[in-house]
S.K.: 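Can you read through this structure? Questions will come right after.
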Amino acid sequence: MNGDQERMTVVTRFAPSPTGFLHVGGARTALFNWLYARHAKGKFLLRIEDTDRARSTEEAVQAIFDGLEWLDLSHDGEVVFQSEGAERHAALAHQLLEAGKAYRCWCTPEELSEMREQARAEGQRMLYDRRWRDRDPAEAPTDVAPVIRFKAPVEGETVVEDLVQGAVRVANAQLDDMILLRSDGTPTYMLSVVADDHDMGVTHAIRGDDHLTNAARQTQLFLALGWQPPAYAHIPLIHGADGAKLSKRHGALAVSAYAEMGILAEAMCNYLLRLGWSHSDDEIISRQQAVEWFELDAIGRSPARFDMERLSSLNGIYIRQAEDGELLSLLNPHLSRLLEQEPDPALMPRLERLLPSLKTRAKNLIEMVENAQFLFLQTPLVLDEIAVKILNPESQEIISELLIELEKLGSWEEESLELAVRGFADSRSLKMGKVAQPLRASLTGKTVSPGIFDVMIALGREESLGRLGDIAARVS
RNA sequence: GACCCCUUCGUCUAGAGGUUAGGACACCACUCUUUCAAGGUGGAGACACGAGUUCAAUUCUCGUAGGGGUCGCCA
């Protein structure tokens, strides 16, 4: 990179094709582009590559917007829809044609597939054989609409100075004359990206490794148009847990699916950031630190596997760090779904009080609301199987006697509650567990819950005594 | 098949000629303890293989093997 370029404002872009949801791979690409732009105090642009009108959908465009919003990756300026530049792209193709840097090709799809068959049979790379490159257009069939192909260099090599992969050399003989304009006159992706990256002033194209070969062809096109290609950074792909490519039919989920699983956006970003990028031993990295630290040369070159365990663990950490108010609003939709109705606002303080205790016990928002569900249940509680076993006649008797002690309590604070319950256990020579577990079962209907005194405080005196009363009432 | 890229614990990675090869997740044990977690302590666990270069290679070079990607009038 020369000095002029260093002084230029960095412009990155995320350029997804709207043919499906935004999955983790795309999300990471977007994150890296965003981080690099913010780090360099440059611009992060968003371009929707919808030149394949047959496959692009409105819903997919929306899904991409939603996904980026969830991840909090805001772009600068207006969104560019690639299809809107079709006319200019087509004009560029004609300009190349007139300059003798492109030519018309009248091959039919059938001829092309024959060519591929033959190349395969001969063990060659399946390339277009350039049969119309120097052929007289007068020989053109009249019943075939031509495409415009790029007259690519035949000899020598094209070098992509990749910021992640290093210098990648491709022999020009390995690249064929790509189609610039389809027979219906519409531009192809290859032409459109080059034109748009140039027009948008993109200085750094950070994208998936699967575009590496394309980078060589795009470099040739840039040069033919008299433009300078952007700096490229091809980041390794994300693989599934089994090492195979992560695809829509193989483990790749929409980022929205992770949101529904109760993953926090911050955790997702932190996880994605550490997939292929590192800053010595740092693991928990805030957005602010990431912006400060993010450099392209710290991106690894080998593909990484997607590890849900790791994401979950990170998510647990972010949940514990989350601010209560924020967490509460994040929890709300999950709670409504679990309860199959809006939670009673009058009961929300219970959740709020139990939040600190709930935080250490969940790896995602779903687990969290499940652990908190008992706070919102109607009494008498329906006990689960093991809770029923714990509340045998003996335990019910204990609860009944404990209830009498608790009713006498003047204050309903952790200290006094603990004193009372422990005192009660001591007085009968009972181990704490003998009292706590029946208490837990009575109060929550389950055998697993946050600390029992936290539970009692969250439920409040009246509700707690009521629930214990339900159990005590069984003692005949 | 051709071309391109990759290769450190099971996974994500640190490392950039000389380290007891470090951290994180997961795993195991212990601890804390009213359950479950969280926390704390400790443990097991890796430089794919083969040649070179060098006094010295995980680190540099070249092969081999394995993995991945690309070869559309898709993007």
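For clarity, every value in this text was computed on a predicted model and none was experimentally measured. Letters A, B, ... mirror the listed sequences (proteins, then strands); counts begin at 1.
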S.K.: Write down the partner of B:A21 under the Watson-Crick or G-U wobble criteria, each distance required to be under 3.5 Å.
M.R.: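 The base-pairing partner of B:A21, which may sit in any strand shown, does not exist here.
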S.K.: Does A:Arg287 have more than 12 heavy atoms from other residues, nucleotides or ligands lying within 6.0 Å of its CZ?
M.R.: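 It does: A:Arg287 CZ has more than 12 such atoms within range.
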S.K.: Heavy atoms under 4.0 Å, any strand shown: does A:Tyr271 hit a base, just sugar-phosphate, or nothing?
M.R.: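 Result for A:Tyr271 = nothing.
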S.K.: With centres under 5.5 Å and planes under 30° as the test, does A:His279 stack with B:A14?
M.R.: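 A:His279 ring does not meet the centre or angle cut-off for B:A14; no stack.
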S.K.: Atom CD1 of A:Ile317 to atom P of B:C25: distance rounded to whole Å?
M.R.: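 Nearest whole value for this atom pair: 6 Å.
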S.K.: Go ahead and name the base partner of B:A46; Watson-Crick or wobble counts if both distances stay under 3.5 Å, otherwise write none.
M.R.: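 B:A46 is paired with nothing.
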S.K.: Partner lookup for B:A37, please. Criteria are Watson-Crick or G-U wobble with both distances under 3.5 angstrom; report none if nothing qualifies.
M.R.: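 Looking at the geometry, B:A37 pairs with no nucleotide.
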S.K.: Quick check on contacts: within residues 295-305 of chain A, what sits under 4.0 Å from RNA chain B by heavy-atom distance?
M.R.: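 Nucleic-acid contacts, sorted: A:Arg301, A:Ser302, A:Pro303, A:Ala304, A:Arg305.
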S.K.: If you take atom types as modelled and just measure distance, does the side chain of A:Ser17 reach the base of B:A75 with a donor-acceptor pair under 3.5 Å?
M.R.: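 Per atom types, no contact qualifies.
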S.K.: I'd like to know whether NZ of A:Lys359 has more than 12 heavy-atom contacts from other residues, nucleotides or ligands below 6.0 angstrom.
M.R.: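 Yes, because the 6.0 Å sphere around NZ of A:Lys359 holds more than 12 heavy atoms from other groups.
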S.K.: Answer yes or no on whether A:Arg149 is positioned over the face of A:Tyr128, meaning its NZ or CZ is under 6.0 Å from the six-membered ring centre and within 45° of the axis.
M.R.: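 Here A:Arg149 passes the 6.0 Å and 45° test against A:Tyr128.
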S.K.: Whom does B:G66 pair with, Watson-Crick or G-U wobble, provided both distances fall under 3.5 Å?
M.R.: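 Across any shown strand, B:G66 pairs with B:C6.
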S.K.: Which base, if any, makes a Watson-Crick or G-U wobble pair with B:U54, both distances under 3.5 Å?
M.R.: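 Its partner is none (no Watson-Crick or G-U wobble pair with both distances under 3.5 Å).
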S.K.: B:U19 and B:A2: how far apart are their P atoms, nearest whole angstrom?
M.R.: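 Each nucleotide's P atom is 41 Å from the other's.
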S.K.: Do A:Arg310 side-chain and B:A24 base share a donor-acceptor contact under 3.5 Å?
M.R.: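 Per atom types, the contact qualifies.
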S.K.: Expressed as a whole number of Å, how far does the P atom of B:G40 sit from that of B:C55?
M.R.: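 After rounding to an integer number of Å, I get 48 Å for this pair.
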S.K.: Which residues pass the side-chain hydrogen bond (donor to acceptor under 3.5 Å, both in side chains) test with A:Thr188, sequence neighbours left out?
M.R.: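 By the side-chain hydrogen bond (donor to acceptor under 3.5 Å, both in side chains) rule, A:Thr188 matches no residue at all.
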S.K.: A:Glu110 has an atom CD; how far is it from atom C1' of B:G72, in whole Å?
M.R.: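 After rounding, the gap between these two atoms is 14 Å.
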S.K.: Rounded to whole angstrom, note down the P distance from B:G17 over to B:G52.
M.R.: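 The same atom, P, in both gives a distance of 23 Å.
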S.K.: Between the base of B:U34 and the side chain of A:Arg440, is one N or O donor paired with an acceptor at under 3.5 angstrom?
M.R.: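 Indeed, a donor on one side and an acceptor on the other fall under 3.5 Å apart.
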S.K.: Which nucleotide wins on minimum distance to the side chain of A:Leu212, given the candidates B:U13, B:C4, B:U35?
M.R.: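 For A:Leu212, the side-chain atoms sit closest to B:C4.
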S.K.: On a whole-Å scale, what distance lies between the C1' atoms belonging to B:C71 and B:A75?
M.R.: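 Each nucleotide's C1' atom is 15 Å from the other's.
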S.K.: Choose from B:U34, B:C73, B:C5 the nucleotide whose nearest atom is closest to any side-chain atom of A:Pro109.
M.R.: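 Of all the options, the side chain of A:Pro109 is nearest to B:C73.
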S.K.: What's A:His239 touching, base or sugar-phosphate or nothing? Going by heavy atoms closer than 4.0 Å.
M.R.: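 A:His239: backbone/sugar contact only, no base atoms under 4.0 Å.
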S.K.: Check every strand shown and say whether A:Pro236 touches a base, only sugar-phosphate, or nothing at a heavy-atom separation below 4.0 Å.
M.R.: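 No contact.
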S.K.: On a whole-Å scale, what distance lies between the P atoms belonging to B:C9 and B:A48?
M.R.: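 Looking at atom P only, B:C9 and B:A48 are 7 Å apart.
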S.K.: Which of these nucleotides, B:A38, B:U70, B:C73, is closest to any side-chain atom of A:Thr213?
M.R.: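 So the nucleotide nearest the side chain must be B:U70.
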S.K.: What contact category does A:Leu175 fall into here, base, sugar-phosphate, or nothing, at under 4.0 angstrom with non-hydrogen atoms?
M.R.: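 Result for A:Leu175 = nothing.
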S.K.: Return no unless some side-chain N or O of A:Thr51 is found under 4.0 Å from OP1 or OP2 of B:A75.
M.R.: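 Yes, because at least one side-chain N or O of A:Thr51 sits under 4.0 Å from OP1 or OP2 of B:A75.
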S.K.: Taking the C1' atom in each of B:A21 and B:U59, what is the distance between them to the nearest angstrom?
M.R.: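 Result for the C1' pair: 11 Å, nearest Å.
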S.K.: Distance between the P atoms of B:G10 and B:C27, in whole angstroms?
M.R.: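 Looking at atom P only, B:G10 and B:C27 are 16 Å apart.
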S.K.: Going from CZ on A:Arg13 to CG on A:Leu45, what distance comes out if it is rounded to the nearest 0.5 angstrom?
M.R.: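 Result: 10.0 Å between the selected atoms.
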S.K.: Mind listing the side-chain donor-acceptor pairs of residues 381-390 of chain A below 3.5 Å, one per line with the distance, residues two or more places apart or on another chain?
M.R.:
unit_1: A:Asp384; atom_1: OD1; unit_2: A:Ile386; atom_2: N; d: 3.1
unit_1: A:Asp384; atom_1: OD1; unit_2: A:Ala387; atom_2: N; d: 2.9

S.K.: Check whether any side-chain N or O of A:Arg422 sits under 4.0 Å from OP1 or OP2 of B:U34, and answer yes or no.
M.R.: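 So the side-chain polar atoms of A:Arg422 do come within 4.0 Å of the phosphate oxygens OP1 or OP2 of B:U34, strictly under.
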S.K.: Any donor-acceptor pair under 3.5 Å joining the side chain of A:Asn214 to the base of B:A75?
M.R.: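 Yes.
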S.K.: Would you tell me if any nitrogen or oxygen in the side chain of A:Arg116 comes within less than 4.0 Å of OP1 or OP2 on B:G72?
M.R.: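 Yes, because at least one side-chain N or O of A:Arg116 sits under 4.0 Å from OP1 or OP2 of B:G72.
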S.K.: What is the base-pairing partner of B:G1, counting Watson-Crick and G-U wobble geometry with both distances under 3.5 Å?
M.R.: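 Base-paired to B:C71.
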S.K.: Inspect the contact between A:Asp199 and A:Arg88 and indicate whether a charged nitrogen and a carboxylate oxygen are less than 4.0 angstrom apart.
M.R.: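 So A:Arg88 pairs with A:Asp199 through a salt bridge.
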S.K.: Quick one: does any side-chain atom of A:Lys363 pair with a main-chain N or O of A:Ser312 as donor and acceptor, under 3.5 Å?
M.R.: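 Side chain of A:Lys363 to backbone of A:Ser312, a donor-acceptor pair under 3.5 Å: no, none is there.
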S.K.: Mind checking A:Ser313 for me? I need base, sugar-phosphate or nothing, with any heavy atom below 4.0 Å counting as a touch.
M.R.: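 It contacts sugar-phosphate atoms only.
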S.K.: Counting heavy atoms from C-beta on, name the nucleotide in B:A75, B:A26, B:G23 closest to the side chain of A:Arg274.
M.R.: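 It is B:G23.
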S.K.: Base, sugar-phosphate, or nothing: which does A:Cys107 touch, judged by heavy atoms less than 4.0 Å apart?
M.R.: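 Here A:Cys107 touches the bases of the nucleic acid.
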S.K.: Find the distance A:Arg169:CZ to B:U70:C1' and express it as a whole number of Å.
M.R.: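 A:Arg169 atom CZ is separated from B:U70 atom C1' by 20 Å.
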S.K.: At under 4.0 Å between heavy atoms, what does A:Gly451 touch on the DNA or RNA strands: base, sugar-phosphate, or nothing?
M.R.: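 Answer is base: heavy atoms of A:Gly451 come under 4.0 Å of a base.
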S.K.: Give a yes/no answer on whether the side chain of A:Lys363 brings an N or O atom under 4.0 Å of OP1 or OP2 in B:A38.
M.R.: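 The answer is yes; a side-chain N or O of A:Lys363 sits under 4.0 Å from OP1 or OP2.
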S.K.: What integer distance in Å separates A:Met115:CE from B:G72:P?
M.R.: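 It works out to 11 Å between those atoms.
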S.K.: Taking the six-membered ring for Trp, are the ring centroids of A:Phe44 and A:Phe32 within less than 6.0 Å of each other?
M.R.: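 When the ring centroids of A:Phe44 and A:Phe32 are compared, they turn out to be at least 6.0 Å apart.
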S.K.: Is there any protein nitrogen or oxygen under 3.5 Å from a nitrogen or oxygen in nucleotides 43-46 of chain B, and what are the pairs?
M.R.:
none

S.K.: Nearest to the side chain of A:Val170, heavy atoms from C-beta on, is which of B:G39, B:C4, B:U34?
M.R.: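 Among the listed nucleotides, the one closest to the side chain of A:Val170 is B:C4.
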S.K.: When you compare B:C12 with B:G50, how far apart are their C1' atoms, in angstrom units rounded to a whole number?
M.R.: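 So the two C1' atoms sit 29 Å from each other.
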S.K.: More than 12 heavy atoms of other residues, nucleotides or ligands under 6.0 Å from CD of A:Glu405: is that the case?
M.R.: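 Correct, the count exceeds 12.
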S.K.: Please identify each residue that fulfils side-chain hydrogen bond (donor to acceptor under 3.5 Å, both in side chains) with A:Glu155, with sequence neighbours left out.
M.R.: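 A:Glu155 satisfies side-chain hydrogen bond (donor to acceptor under 3.5 Å, both in side chains) with no other residue.
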S.K.: Can you find a side-chain donor-acceptor pair between A:Gln82 and A:Ser192 that sits under 3.5 Å?
M.R.: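 Short answer, no.
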S.K.: Remember a base hit wins even if backbone is also touched, and classify A:Val147 as base, sugar-phosphate or nothing at under 4.0 Å, heavy atoms.
M.R.: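 Base: the residue A:Val147, judged by heavy atoms under 4.0 Å, touches a nucleobase.
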S.K.: Does A:Gln174 reach a base, just sugar-phosphate, or nothing at all? Heavy atoms under 4.0 Å.
M.R.: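 Since only primed, P, OP1 and OP2 atoms lie under 4.0 Å of A:Gln174, the category is sugar-phosphate.
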S.K.: Would you mind classifying the nucleic acid contact of A:Ile452 as base, sugar-phosphate or nothing, using non-hydrogen atoms under 4.0 angstrom?
M.R.: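 Base contact - A:Ile452 has a heavy atom under 4.0 Å of at least one base atom.
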S.K.: OP1 or OP2 of B:A75 versus the side-chain N and O atoms of A:Arg207: is any pair under 4.0 Å?
M.R.: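 Looking at the OP1 and OP2 atoms of B:A75, neither is under 4.0 Å from any side-chain N or O of A:Arg207.
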S.K.: List the residues meeting side-chain hydrogen bond (donor to acceptor under 3.5 Å, both in side chains) with A:Arg116, not counting sequence neighbours, and say none if there are none.
M.R.: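 For A:Arg116 there are no side-chain hydrogen bond (donor to acceptor under 3.5 Å, both in side chains) partners, ignoring immediate neighbours.
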S.K.: Could a donor-acceptor pair under 3.5 angstrom be found where the side chain of A:Asp281 meets the base of B:G22?
M.R.: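 Side chain to base: pair present.
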S.K.: Should the heavy atoms of other residues, nucleotides or ligands under 6.0 Å from CD of A:Glu139 be counted, would the total exceed 12?
M.R.: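 Atom CD in A:Glu139 is crowded, with more than 12 foreign heavy atoms closer than 6.0 Å.
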S.K.: Regarding A:Ser183, tell me which of base, sugar-phosphate or nothing describes its non-hydrogen contacts under 4.0 Å with the strands shown.
M.R.: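 The answer is base, as A:Ser183 lies within the cut-off (heavy atoms under 4.0 Å) of a base atom.
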